[in-house]
Amino acid sequence: MAPQYAPSLRSRLPLVAFLLETIFLILFVFFVKIEQQHEQSGRESDSKLFISSYAEFQDVHVMIFMGFGFLATFLVRYGFSGSGFNVLLAAMAIQWAVLINGFLLPQRHHRREIHISMKSVIEAELCAASALVAMGAVHGKTNPVQLLLMALVEVTGFVVTQWILRTLLNADPVYSIMLLHVFGALFGVMVSWVLHREGIKPEHEKEKTDRRTGLFAMFGTLFLWMFWPSFNSALVGDYRRERGLKLTVIYGTYLSLAVSVVMAMSVSMLTSSKGKMNMVHVQSSALSGGVAIGVAMTAVHQPWIAMTIGFCAALLSALGYRYMKNHMLFAFECHDTCGVLSVHAIPGILGWFAHLFLRLASSESTIAVQFAVYHICVLLITACMSLVMGTATGLFLKWSIWRPQQDRKCFDDQAFWEFPNLVVHK
Amino acid sequence: MAPQYAPSLRSRLPLVAFLLETIFLILFVFFVKIEQQHEQSGRESDSKLFISSYAEFQDVHVMIFMGFGFLATFLVRYGFSGSGFNVLLAAMAIQWAVLINGFLLPQRHHRREIHISMKSVIEAELCAASALVAMGAVHGKTNPVQLLLMALVEVTGFVVTQWILRTLLNADPVYSIMLLHVFGALFGVMVSWVLHREGIKPEHEKEKTDRRTGLFAMFGTLFLWMFWPSFNSALVGDYRRERGLKLTVIYGTYLSLAVSVVMAMSVSMLTSSKGKMNMVHVQSSALSGGVAIGVAMTAVHQPWIAMTIGFCAALLSALGYRYMKNHMLFAFECHDTCGVLSVHAIPGILGWFAHLFLRLASSESTIAVQFAVYHICVLLITACMSLVMGTATGLFLKWSIWRPQQDRKCFDDQAFWEFPNLVVHK
Amino acid sequence: MAPQYAPSLRSRLPLVAFLLETIFLILFVFFVKIEQQHEQSGRESDSKLFISSYAEFQDVHVMIFMGFGFLATFLVRYGFSGSGFNVLLAAMAIQWAVLINGFLLPQRHHRREIHISMKSVIEAELCAASALVAMGAVHGKTNPVQLLLMALVEVTGFVVTQWILRTLLNADPVYSIMLLHVFGALFGVMVSWVLHREGIKPEHEKEKTDRRTGLFAMFGTLFLWMFWPSFNSALVGDYRRERGLKLTVIYGTYLSLAVSVVMAMSVSMLTSSKGKMNMVHVQSSALSGGVAIGVAMTAVHQPWIAMTIGFCAALLSALGYRYMKNHMLFAFECHDTCGVLSVHAIPGILGWFAHLFLRLASSESTIAVQFAVYHICVLLITACMSLVMGTATGLFLKWSIWRPQQDRKCFDDQAFWEFPNLVVHK
């Protein structure tokens with residue numbers, strides 16, 4: 001007879017978390033300092049830069065913790081885990097990303113020291129975002145220990161990929177970091193594929209949404225949607241000192257998202273046999289415009305181009321969510337809880353193509369060919385790293401020492417959270 | 001026998017949305033550019049202005065999408081539509097407002113080009129806010145196609161009204177745009193009056209709130225309430241280059257809202273026979289202080305005046321919500337879902353009176369009379385435009401080609417949204 | 001036979017609120033002006049300062065109204081009251097705090113006038129935060145009239161304590177205001193102790209959380225958690241003109257919170273017999289890192305010290321929440337609804353100790369002893385004032401004229417809010 005309760009993680013999660021936290025703490029003791037340049041250099045301009053950076057940081061911060069957290073509450077019985085594990089993972093991933101970013105991608109010539117600055121924190125949050133995208137694919141089918149380990153490996157992989165791109169191909173930092181959606185989505189899908197469970201059928205009784213969780217997820221969606229212009233523009237301008245580009249990115253993201261939300265609703269209604277919209281599809285596809293423009297942004301200079309990208313991204317994403325998700329499950333035995341393939345990978349690759357075409361159209365032929373080769377290499381390296389590391393991580397997480405929950409306990413908070421005895425509803 | 005299901009919009013909404021979106025896209029191709037002045041002119045001050053504007057824009061952005069969206073989730077079965085259609089409408093209305101604002105109210109002498117800037121986007125969002133106020137009156141009784149068309153007509157009407165005021169009366173832009181609440185509310189009420197359905201009685205079974213939706217609506221209310229100082233001050237200071245006025249507006253709005261929330265709760269409890277507060281009344285009336293001070297703000301220079309305006313606005317608004325809503329339905333056959341008449345129109349007119357008195361008290365008699373005439377004209381033109389256009393829009397939307405839902409399907413998400421089969425609740 | 005309904009507050013709350021609001025209004029008429037210095041002095045630097053202050057103010061504003069409000073919605077039937085009364089109290093407390101701060105702690109030599117500025121408003125919000133912490137201890141067991149009076153007395157007591165500290169001990173303003181958590185928590189616990197009801201047993205049927213309210217509370221928690229760096233840094237830098245310290249505080253708070261959320265989850269799982277996390281414990285303890293670092297912040301200069309403080313604070317807080325809450329109720333007959341003793345008082349005192357040790361470690365012996373005496377005096381004065389005023393307030397609120405609800409109606413919205421007739425759930 002199968003055990004009635006999900007296996008207890010009492011001896012696993014606290015141990016892993018204590019251990020990791022202690023290691024992080026020791027590394028922080030020896031290597032991390034708070035940047036104090038602001039006092040030495042010219043006070044006026046630095047202070048202004050600080051104000052601007054802190055506001056951007058707050059916007060990204062809200063997206064990571066509020067946006068991603070509540071986007072994952074759409075499953076009817078998985079709200080606590082969706083939002084709670086998101087905070088746990090993000091908090092750990094950020095600490096680790098500060099460290100590994102500092103080791104592999106040092107900002108200036110600091111003597112073996114990592115200096116915390118607004119920029120380093122924002123970069124760490126973007127790396128955490130990448131891990132949260134990956135988590136979207138395996139939500140509900142993994143326990144928090146698995147998620148925690150996966151997040152740390154993902155962040156490591158993403159930073160290593162960036163290091164390769166910057167070292168081998170001399171890639172622009174903005175450009176390499178904006179592939180975070182593609183990297184995260186492919187990574188997550190591979191993990192999910194390796195961890196495939198026979199018990200997760202499309203009609204799994206707990207993989208549903210209802211009025212309540214749909215609104216909570218709307219919440220997360222809107223926070224992501226509203227602050228996405230800050231997300232995309234967060235790293236632009238610091239590198240280039242070009243205010244103009246920053247503004248172009250902000251307006252472009254804004255318009256792209258405005259179009260993509262309209263298209264997401266229209267396509268969702270058009271592809272439904274009863275002519276009704278699906279809240280989960282709408283929420284996911286509404287964000288695709290932000291993903292796509294994020295990869296193409298440095299090449300987009302006209303509002304209508306941004307809008308066209310948003311238009312196409314939402315179209316592809318909504319169709320993908322409607323038709324591809326179940327197909328993936330049947331054909332490839334790959335279950336993708338939040339549809340990250342449709343929401344992050346496909347729009348990301350669309351944005352990559354848009355970037356390519358826009359650059360080709362505006363360059364001379366020699367430079368164009370050069371750029372195309374470079375551009376293709378960047379995507380290939382990112383995709384390969386992501387697929388390989390995702391598979392390896394999946395195999396590592398399959399180890400039964402991590403005590404995954406039973407199929408019946410998937411998508412269910414009760415495996416991990418205390419609930420009081422039944423509340424007497426009026 | 002009446003049909004069991006609400007009519008499918010599969011052939012309507014996607015078509016209308018695709019069509020409009022394509023038209024917008026084409027207009028953007030030919031007319032809209034991103035403003036690049038920031039690179040040419042002095043970098044220091046512009047950069048500072050940008051930081052400030054972007055933060056203000058974000059506050060307004062949050063109010064439009066989060067605030068209005070969740071304020072409309074108070075109906076127990078209308079949460080998806082309330083927040084979802086809000087995003088759809090606002091996203092379309094903003095695109096259209098950027099265009100029509102650029103055509104009718106060009107900012108400087110741009111040669112037939114519209115330049116997107118922080119200011120133009122903030123203005124577009126304020127126009128969208130006006131449409132969302134109007135939508136409040138017809139929530140639950142219209143389908144998304146009707147809402148979409150109504151929103152675009154409302155934005156057009158509001159921009160045309162502003163054009164008339166600025167051209168004929170040489171009105172101050174801040175002053176004309178702040179009548180958005182009055183315009184939106186009267187417009188919405190007229191549409192609702194023309195579209196009156198016999199089936200919407202005060203005891204309609206679905207026009208209720210519960211513990212869950214009350215909290216979601218609290219959410220939207222608080223976002224509106226908290227960021228209202230930014231909303232009111234968003235356009236001040238850019239025109240006048242007066243920081244002092246901007247600060248006065250911020251503090252005034254803040255204090256007015258603090259008083260109005262206290263009064264809203266007190267009056268709601270006082271007028272209840274059992275001495276209990278009504279969540280919907282409190283949420284609506286708490287915001288009335290922000291509406292009233294928004295119209296009067298440029299004439300308010302003392303904190304206590306702002307507080308008095310908040311005091312009176314909440315008093316009137318709470319009484320209006322408690323006693324007028326049902327009276328309107330019985331006497332005039334006009335159903336006003338969110339009570340926009342009490343929340344936006346009455347406090348707006350109160351603010352208009354406050355503005356008049358404050359100016360009369362501080363001016364010489366000749367100037368005072370001159371101002372009074374001008375002030376009355378502004379309100380009359382706004383009200384007339386609003387009433388006429390609202391009636392026309394209502395008649396246009398009554399056309400059965402738009403396939404409105406049946407009376408039984410009013411205030412119900414199931415007419416427009418897919419729901420999974422019943423979830424087995426624990 | 002006991003009365004079936006909770007006593008009506010129709011003749012109490014509106015009267016008290018009208019009266020207080022009128023008194024505030026009259027005081028504002030005579031004493032409060034809006035600060036207009038920004039026009040006279042150098043425009044450049046002031047304008048920049050304004051932008052920065054307004055953003056900080058908004059962050060604190062969101063924490064007070066959204067964060068504290070939704071944190072208190074975790075009780076399954078107390079959501080309306082938790083968030084609604086929070087707004088009522090905070091709005092009143094802020095008005096009163098502006099007045100009493102202005103009377104007792106005038107900022108400069110203003111001739112008997114209180115000038116509203118960003119700084120004065122932020123300070124008023126911090127005083128309101130102190131009252132909201134105190135409210136956490138008595139949530140659900142008091143009616144809004146009692147809460148309102150308690151909030152005003154608490155703010156008065158807190159400002160008087162600050163006045164004593166600044167006048168007698170010449171304490172630094174930042175330092176004295178950051179003990180707000182300790183003051184508020186002890187005050188609230190004493191009120192709760194005096195107001196003890198026999199009927200509130202640990203297994204009170206309504207003192208529970210469920211899936212829905214747990215997520216709403218997650219919401220409030222996250223808003224507090226995300227913006228805490230702004231909260232702690234809000235008053236630093238204005239006094240000292242040191243950007244460096246402000247940045248150190250921001251990064252320190254950020255890291256401390258990141259560690260404390262991880263620890264809160266781990267300890268919650270470790271101390272559960274079934275190896276499951278408790279949402280309420282996690283939410284509360286996740287914030288303890290922010291409280292602790294808030295008291296110690298001016299002495300923390302290394303990231304790892306901040307992380308260690310967050311580590312210890314979450315450890316103590318989670319253990320305290322798990323084991324101490326029921327013990328307090330049995331042993332001392334003191335019921336602490338939100339566990340403010342574990343969340344605010346203990347981490348606050350831990351931060352105080354950390355501050356002491358860090359200063360002792362970095363000072364010479366003579367100065368160290370001097371500082372230690374001063375530091376101990378500050379805590380003792382704060383704690384004594386808090387305990388004495390809390391007890392007095394409790395006795396005052398015990399007066400039956402305030403019509404407290406019956407034990408059976410504790411933790412229940414229905415005592416104060418209108419609910420529509422039962423909604424027919426699908």
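Chain identifiers are assigned alphabetically (A, B, ...) following the order of the sequence lines, protein sequences preceding nucleic acid strands; residue numbering begins at 1 within each chain. These figures come from a predicted structure and were not determined experimentally.
- Taking the centre of each ring, B/Phe216 and A/Phe216 come in below the 6.0 Å mark.
- In this structure, chain A has a heavy atom under 4.5 Å from the side chain of B/Ile94, while its backbone stays farther away.
- Residue contact with chain A, scored on non-hydrogen atoms closer than 4.5 Å, involves the side chain of B/Thr73 exclusively.
- Heavy atoms closer than 4.5 Å to chain B are found in both the backbone and the side chain of A/Thr308.
- The most heavy-atom pairs under 4.5 Å with chain B, out of A/Lys276, A/Gln283, A/Met265, come from A/Lys276.
- Contact detail for A/Trp228 and A/Thr253: the closest heavy-atom pair is CD1-CG2, 3.7 Å.
- When the candidates A/Pro229, A/Pro303, A/Ser266 are compared by the number of heavy-atom contacts under 4.5 Å with chain B, A/Pro303 comes out ahead.
- For a residue to count as touching a neighbouring chain, one of its non-hydrogen atoms must lie under 4.5 Å from one of that chain's; by this rule A/Met226 touches chain B with backbone and side chain alike.
- Using a 4.5 Å cut-off between heavy atoms, A/Leu255 contacts chain B through its side chain alone, with no backbone atom that close.
- Stacking of A/Arg211 on the aromatic ring of B/Phe419 is recorded, both the 6.0 Å distance cut-off and the 45° axial limit being met.
- Residue contact with chain B, scored on non-hydrogen atoms closer than 4.5 Å, involves the side chain of A/Phe311 exclusively.
- Contacts between B/Phe31 and chain A at a heavy-atom distance below 4.5 Å are absent for every atom of the residue.
- Contact check for B/Val121 versus B/Met118: no side-chain heavy atoms found under the 4.5 Å cut-off.
- Proximity to chain B is absent for every atom of A/Thr221, based on heavy atoms less than 4.5 angstrom apart.
- Looking at A/Phe219, both its backbone and its side chain come within 4.5 Å of chain B, counting heavy atoms on both sides.
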